[in-house]
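Just below is one structure, and these are the notes that go with it.
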Amino acid sequence: MRILIVDDDPLIRDLVRTVLRQDQTNEVVVAASGPAALDILQHEDELFEMLMLDIEMPEMDGIELCRSIRKLPDYKTTAIVMLTRKSGLSDIEGALPPARRTTSPSLRCERHSTAS
């Protein structure tokens, strides 16, 4: 699976990359900011199958980045996992439309439908 991790904290980027690379079939790319992620998404020839976005970043937060990504034709339905240190569900309400949210106590993500 091709995965893009976006987080301004290099420790978190390295930790998530290390965990994801344990499955040797994953190809993991990292970006340190929202603008850097958008640049990667717009210029890479091969599409990403999952995006992992930190919610709290300077310059462009993860919620704004998520909204910008959804405007890209190739990424309208790509799986997005929002990463946060916050524990309140209301902290990330704006990232996803209500019909597209799934929730667990520590994880909130958008489902990707593979049905044709």
Enumerate donor-acceptor pairs with a distance under 3.5 Å from any side-chain N or O in residues 35-43 to protein atoms, sequence neighbours excluded.
residue : atom : partner : partner atom : Å
Asp39   : OD1  : His43   : ND1          : 3.0
His43   : ND1  : Asp39   : O            : 2.8

To the nearest 0.5 Å, what is the distance between CG on Asn26 and CG on Leu20?
6.0 Å
Gap separating the CD1 atom of Ile3 from the CG atom of Leu51, nearest 0.5 angstrom
9.5 Å
Quick one: closest heavy-atom pair of Arg70 and Thr77, and the distance?
NH1-N, 3.6 Å
At what distance, to the nearest 0.5 angstrom, does CZ of Arg67 lie from CG of Asp61?
8.0 Å
Any donor-acceptor pair under 3.5 Å from Arg13 side chain to Asp7 backbone
yes
Between the CE atom in Met52 and the CE atom in Met82, the distance rounded to the nearest 0.5 Å is 11.0 Å
So which heavy atom on Phe48 is nearest to which on Tyr75, and how close?
N-OH, 3.1 Å
To the nearest 0.5 Å, tell me how far Glu56 CD sits from Ile63 CD1.
9.0 Å
Specify the closest pair of heavy atoms between Val28 and Arg21, including all atoms of both residues, with the distance to one decimal.
O-NH2, 3.4 Å
Could you check whether any side-chain heavy atom of Ile69 comes within less than 4.5 Å of a side-chain heavy atom of Ile80, counting everything from C-beta outward?
yes
Quick one: do Val6 and Asp54 satisfy side chain to side chain contact (heavy atoms under 4.5 Å, CB included)? Show the steps, please.
CA-CA 6 Å; Val6 187; Asp54 180 18; over 6 Å; no
I'd like to know if the side chain of Arg17 reaches the main chain of Val30, judged simply by a donor and an acceptor atom lying under 3.5 Å from each other, with no hydrogens or angles considered.
no
Looking only at heavy atoms, which two atoms of Met1 and Glu49 are closest? And how far apart?
CA-OE2, 3.1 Å
Let me confirm one number: the CD-CD distance from Glu46 to Glu27, rounded to the nearest 0.5 Å.
5.5 Å
Side-chain heavy atoms nearer than 4.5 Å, only ILVMFWY residues, links allowed to pass through others: does that put Leu15 and Leu83 together?
no
Are Met60 and Leu72 connected in the hydrophobic side-chain network, where two residues link if heavy atoms are under 4.5 Å apart?
yes
